[in-house]
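Order of listing sets the numbers, starting from 1, for every ligand and every atom in it. Keep in mind the model is a prediction, meaning the values are calculated, not measured.
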Amino acid sequence: MLQNILLNWYLKNKRNLPWRNTTNPYIIWLSEVILQQTRVPQGLPYFQVFIKKYPTVKKLAEASNDEIMKLWQGLGYYSRARNMHTTAILIHTQFKGIFPDNYTAILKLKGIGTYTAAAIASFAFNEPIAVLDGNVFRVLARLYAIDEPINSTSGKKLFTVLAQTFLNVNEPALHNQAMMELGALVCKPQKPLCNECPLVNNCLAFLQGKQQFFPVKVKNVKVRNRYFSYFYFLVHKQTCIYQRKAGDIWQNLFDLPLLEWDQQVDNEIILNELKNKNWFSPTKKQSLYLAMQTKHILTHQRIFANFYIVKLINKPQMGKEFIWINPTELKKYAIPRLLDKFLKEQKLI
Ligand code: SF4
């Protein structure tokens, strides 16, 4: 039986990862949230820091949101961290710290989708429910040479049924981990290592020599271009930041004051707008220069950022949301990766 072959392969070849040796749903949840959209080598150090600082759901619930965002900095997809905190508070305050123990109840928690709910339910409670992440989609699509797009509604339904049918109901936790591990280590997106694959004799894509054609995806994602002019103000050894609000990228992270445009604009337009806002006007003792230009790619956005260093003699009149701090304090704040890149490149932190 294919499932047994897969299981034997897994037991011999699995990586020894810290969240594999536990059935603690909190630890499994934490690892799954960190590893969504993140590869193991990048996610592992974050997991280790989080689990050390917040060894229980109670500790995570009691932490401040700013502290969590600071530790999360660099992982991206910040709503994951916010939702994780909200859910930890709910479990701590309303469920007496006890994690729900079945798929249906876990799925109701904020920030937990079908994949994570299935992972927690099967890994922690051995519930016979199949996980379906990018790795599993790829293995199944190739194994059965399925050309239904994995990101279409009908494709998702089809793969959900198939994954559940393929599940080894006697060993759901091990089976799910084996599928994910096979996708990560052997059935890689580019250049799958078919010679090392335990399923090679039954793989239709391999037998047809069409591994690279599966899985099929429909391209329907629109990417939005955004143009940011950032200002690193310097006045009396202080600089200015603000906390980003809901309804846009990087909610709750701290950022430099910026102007946003719908296209690239020249310096004259930027200077005019700075004057209109009373943020800056050039004099002998005040200067502004472009320190860095860069492009930053997010899932659905492409940000073209210009960073200006602005030296002033007096603090400009700005809204209450702006706070002035010594630049050495910037390290304490959770900031977007784009800003971190600028500060490090300019040796400002
Ligand atoms: Fe993937 Fe190759 Fe294994 Fe098929 S034989 S499942 S394509 S690694």
- Identify the protein heavy atom lying closest to atom 4 (Fe) of ligand 1, giving its residue, its atom name and the separation to 0.1 Å. Cys203 SG, 2.3 Å
- Check each atom of ligand 1 against the heavy atoms of Arg142 and keep those under 4.0 Å away; list them by number with element. 7 (S)
- To the nearest 0.1 Å, how far is atom 1 (Fe) of ligand 1 from its closest protein heavy atom, and which atom is that? Cys187 SG, 2.4 Å
- Query: Do side-chain atoms of Asp133 reach the backbone of Val136 as a donor and acceptor pair under 3.5 angstrom?
  - Reply: yes
- Message: For Leu330 versus Ile241, what's the shortest heavy-atom pair and its separation?
- Response: CD2-CG2, 3.8 Å
- Any Val200 heavy atom less than 4.0 Å to ligand 1: yes
- Task: For the pair Tyr308 and Phe231, name the ring-plane relationship: parallel under 30°, tilted 30 to 60°, perpendicular over 60°.
- Result: parallel
- Does any N, O or S atom of Cys197, backbone or side chain, fall under 2.8 Å from atom 1 (Fe) of ligand 1? no
- Item | Which of the ligand 1 atoms, numbered from 1, are nearer than 4.0 Å to a heavy atom of Gln211 | 7 (S)
- Cationic N near anionic O, under 4.0 Å, Lys341 to Glu345: no
- Task: Could you tell me whether Glu181 and Arg20 have a side-chain N and a carboxylate O separated by less than 4.0 Å?
- Result: yes
- Query: Can a salt bridge be assigned to the pair Lys70 and Glu67 using a cut-off of 4.0 Å between side-chain N and carboxylate O?
  - Reply: no
- Shortest protein heavy-atom distance from atom 2 (Fe) of ligand 1, along with the residue and atom involved: Cys194 SG, 2.3 Å
